[in-house]
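Letters A, B, ... are given to chains in the order of the sequence lines, protein chains preceding strands, and every chain is numbered from 1. Quantities reported herein were computed from a predicted structural model and do not represent experimental measurements. All values below were derived from every heavy atom in this structure, side-chain atoms included, with hydrogens, water molecules and symmetry-related copies excluded.
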Amino acid sequence: MDEGLRSELQKQGVFVTTLEELYNWGRKNSIWPLGFGLACCAIEMMAASMARWDLARFGAEVFRPSPRQADLMIVAGTVTKKMAPQVVRLYNQMSEPKYVIAMGACAISGGPFKQGYNVLKGIDRYIPVDVHIPGCPPRPEALIHAFMTLQEKIDAQQLKGEGRPRHLDPDAPSEFPIPEYGEHDLEPPKNPEVWRPAVVVR
Amino acid sequence: MSNPYLPVLILMVAALAFALGPLALAWIWAKKFSPKKPGPAKNATYECGLESKGDAWVQFKAEYYLYGIIFLIFDVETIFLLPFAVAFTGLSAGAFVAMMIFLLLLVEGLVWAWKKGVLNWE
Ligand code: SF4
């Protein structure tokens with residue numbers, strides 16, 4: 001709907017909206033995260049949900065113990081290669097539409113343990129990440145900022161066309177392949193469908 | 001003259017609509033805007049992240065129960081032994097013999113179980 005017409009109508013006391021906006025408004029204010037912490041960053045995530053930072057202001061205080069009821073996975077901590085298949089499986093088990101926040105240096109790239117033989121160098125190798133928060137650990141304020149960024153993203157999501165959520169696209173895959181333990185590394189070591197690292201030009 | 005229960009009926013219908021309306025709306029919405037996207041991991045029974053393996057219908061060894069029962073008998077026996085030991089100096093010979101017979105009966109059972117090989121854990 002035309003912005004000018006809308007504000008003109010608003011001045012007259014008539015509020016108009018679209019079904020899509022209403023839907024996104026409801027979704028963005030009730031993001032339920034999965035209660036799921038992997039390492040030290042999870043402590044900050046817990047702090048963010050407690051009284052001092054109060055994630056409840058964003059409608060996101062209900063940490064769900066089951067992936068079936070969660071909309072958001074906060075990958076809070078170091079993802080070891082032992083844990084990666086479980087993370088991907090849990091992500092697969094979440095109901096659509098679902099989002100991922102990679103919290104902290106570890107979830108983004110392996111962080112301080114990047115050289116470790118058993119540490120996954122970023123969860124975005126297997127699942128699509130919506131918001132990355134740098135930091136080791138990121139403060140709860142940073143997590144809240146990630147929440148607000150995600151809310152903006154959800155708000156701008158269209159139900160039709162190119163950028164629609166995956167569940168509305170019949171061609172999009174329903175699940176991402178779960179890696180398995182191989183001889184030296186996880187098999188496959190990454191999912192090329194998801195992982196598109198920026199090309200470094202020297 | 002209308003029935004005095006008419007307002008109750010109207011309220012009941014309103015309450016039902018209030019309860020069922022949102023459910024129906026959610027159902028219609030899900031049909032139209034949230035098509036199902038099932039997959040093998042999503043349809044799995046367990047949701048702890050690990051794959052379930054094996055059968056849920058495993059049997060415990062019967063030996064476990066025999067162990068448990070024998071343990072329980074001697075566990076309870078201590079309750080009788082304790083007052084016996086405390087009052088030992090003041091007891092008559094008859095009471096002592098009775099207690100010994102009681103002990104013997106239980107120990108006999110233990111020896112029998114031992115002979116039967118119940119105490120061997122395989
Ligand atoms: S980013 Fe830092 S604080 Fe977070 S899990 Fe890794 S080591 Fe811990």
Inset, instruction - State plainly whether the residues R89(A) and E51(B) are in salt-bridge range, i.e. N to O under 4.0 Å. - result: yes
Inset, instruction - Against chain A, label P38(B) side chain, backbone, both or neither, depending on which of its atoms sit under 4.5 Å from a heavy atom there. - result: backbone
Inset, instruction - List the atom of P22(B), the atom of A17(B), and the distance in Å for their closest heavy-atom pair. - result: CD-O, 4.0 Å
Legend entry - Top contributor to chain B contacts, counting heavy-atom pairs under 4.5 Å, from P97(A), S95(A), S66(A): S66(A)
Inset, instruction - Sort E96(A) into side chain, backbone, both or neither according to what part of it lies under 4.5 angstrom from a heavy atom of chain B. - result: both
Legend entry - Residue M83(A) versus chain B: region with a heavy atom under 4.5 Å: neither
Inset, instruction - Ignoring hydrogens and angles, tell me if any N or O in the side chain of R125(A) forms a donor-acceptor pair with the backbone of K121(A) under 3.5 Å. - result: yes
Inset, instruction - Heavy atoms only, distances under 4.5 angstrom: which of A41(B), C48(B), G39(B) has the most pairs with chain A? Name it, please. - result: A41(B)
Donor-acceptor contacts, no H, no angles, side chain residues 99-117 of chain A, under 3.5 Å, sequence neighbours left out:
residue: Y99(A); atom: OH; partner: R27(A); partner atom: NH1; Å: 2.9
residue: Y99(A); atom: OH; partner: Q157(A); partner atom: OE1; Å: 2.6
residue: S109(A); atom: OG; partner: A105(A); partner atom: O; Å: 3.2
residue: S109(A); atom: OG; partner: G111(A); partner atom: N; Å: 3.3

Inset, instruction - Decide, yes or no, whether a salt bridge links E108(B) with K115(B) under the criterion of side-chain N to carboxylate O below 4.0 Å. - result: no
Inset, instruction - Side chain from CB out, backbone as N, CA, C, O: work out which of these in P65(A) comes under 4.5 Å of a heavy atom of chain B, or both, or neither. - result: neither
